[in-house]
Amino acid sequence: MSPWLICLLVLLGGGLLLAGIFYWTARRRDLVRRPVEKRVGYGARGALLIYQPSNRGKNHAIAWALARTLARTGYTVTLNYPSPVLNYDPQDYDLFIFGGSAYMGEVGRPLKDYLSSLHFQGKQVLLFVVGDLERAPELAGLRLCVPEGNRIRSIKIRPSEEKKLCQFALG
């Protein structure tokens, strides 16, 4: 077999492998998980924290750290995964928090779909994205899903920066 043919086969095989990795990552990113509601704190103000779990599970710890921080400052925090079956009344909450991991420049489709389905105005909204790259194009796409007439703050953090997110949420 010619060396050129071997090189071509190796390149094609590598390309197929790379395409498979991208497909698997996008499919996991857009997976709709069964909602599991949890509550943290007993404060007078309400916060709804909807987050898309990451492929490696880091978002779970980040969301819980944020929920505990908000609970210490007087919030009752409701945590859940995005899903079309969720039925929260926006009037019950003073603060909305939506977050997820960045994969290939986007957050998961379930988070964007859920956020786009909501109708509320005059609320504080905190958006967070977890990712290793400095650029944050996924935040721009997520901001477009928030209904008009709300106060939006957004931040991108690295997987180990939950303290930074908590400080940002309080500031």
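Scope of the values below: all heavy atoms of this structure, side chains included, with no hydrogens, waters or symmetry mates. Residue indices begin at 1 and follow the sequence shown.
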Apply ring-ring contact (aromatic ring centres under 6.0 Å, His included) to the pair Y51 and F98, showing each step before the final yes or no. CA-CA 6 Å; Y51 69 100; F98 302 97; over 10 Å; no
I'd like to know whether Y114 forms a side chain to side chain contact (heavy atoms under 4.5 Å, CB included) with I50, so could you lay out the CA-CA distance, the side-chain angles of the two residues, the decisive distance to 0.1 Å, and finally the verdict. CA-CA 9 Å; Y114 178 74; I50 303 293; 3.9 Å; yes
Any pair counted as side chain to side chain donor-acceptor pair (under 3.5 Å), so long as it reaches residues 117-128, sequence neighbours left out: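 Counting only pairs at least two positions apart or across chains, no side chain to side chain donor-acceptor pair (under 3.5 Å) contact touches residues 117-128.
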Side chain to side chain donor-acceptor pair (under 3.5 Å) contacts touching residues 157-170 (sequence neighbours left out):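 For residues 157-170: E134-R158.
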Heavy-atom closest contact ([X] atom, [Y] atom, distance):
X: P159; Y: D132; answer: CD-OD1, 3.2 Å
X: L139; Y: S154; answer: CD2-CB, 3.7 Å
X: L142; Y: K112; answer: CD1-CG, 4.0 Å
X: R33; Y: P53; answer: CD-CG, 3.4 Å
X: Q52; Y: P82; answer: OE1-CG, 3.0 Å
X: G41; Y: A71; answer: CA-CB, 3.7 Å

Distance-only polar pair, side chains of Y75 and D94, donor-acceptor under 3.5 Å: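 Looking only at side-chain atoms, D94 and Y75 do not form any donor-acceptor pair under 3.5 Å.
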Supply the atom-to-atom distance [X] [atom1] to [Y] [atom2], rounded to the nearest 0.5 angstrom.
X: I97; Y: L126; atom1: CD1; atom2: CG; value: 5.5 Å
X: C166; Y: L66; atom1: SG; atom2: CG; value: 5.0 Å
X: F128; Y: L165; atom1: CZ; atom2: CG; value: 6.0 Å
X: S101; Y: K156; atom1: OG; atom2: NZ; value: 9.5 Å

For residues K58 and V130, determine if any side-chain heavy atom of one lies less than 4.5 Å from a side-chain heavy atom of the other.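 When only atoms from C-beta onward are counted, V130 and K58 do not touch, as no gap falls below 4.5 Å.
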If you define the side chain from C-beta out and look only at heavy atoms, does anything of T76 sit under 4.5 Å from V40?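 They are not in contact (no side-chain heavy atoms under 4.5 Å apart), so the answer is no.
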Please confirm whether the backbone N or O of I152 pairs with a side-chain atom of N150, one donor and one acceptor, at under 3.5 Å? no
Pairs in or reaching into residues 143-171: which pass ring pair (Phe, Tyr, Trp, His ring centres under 6.0 Å), with residues at least two apart or in two chains? none
N87 atom CG, neighbour heavy-atom count above 12 within 6.0 Å: no
Are F96 and F120 an aromatic pair by the rule of ring centers under 6.0 Å? yes
V146 and L118: same hydrophobic cluster, using ILVMFWY side-chain contacts below 4.5 Å? yes
Is there a side chain to side chain contact (heavy atoms under 4.5 Å, CB included) between V36 and L79? Walk through the geometry before answering. CA-CA 8 Å; V36 180; L79 293 97; over 6 Å; no
Candidate pair D92 and T78, rule side chain to side chain contact (heavy atoms under 4.5 Å, CB included), full reasoning: CA-CA 11 Å; D92 294 342; T78 303; over 6 Å; no
Testing V77, L49, L70, L48 one by one against L95 for a side chain to side chain contact (heavy atoms under 4.5 Å, CB included), which residue passes? L70
When L127 is tested against each of V107, L115, L111 for side chain to side chain contact (heavy atoms under 4.5 Å, CB included), which residue passes?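 Exactly one option meets the side chain to side chain contact (heavy atoms under 4.5 Å, CB included) with L127, and it is L115.
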I would like to know whether Y88 and E37 meet side-chain hydrogen bond (donor to acceptor under 3.5 Å, both in side chains); could you show each step before the answer? CA-CA 11 Å; Y88 294 111; E37 181 179 289; 2.7 Å; yes
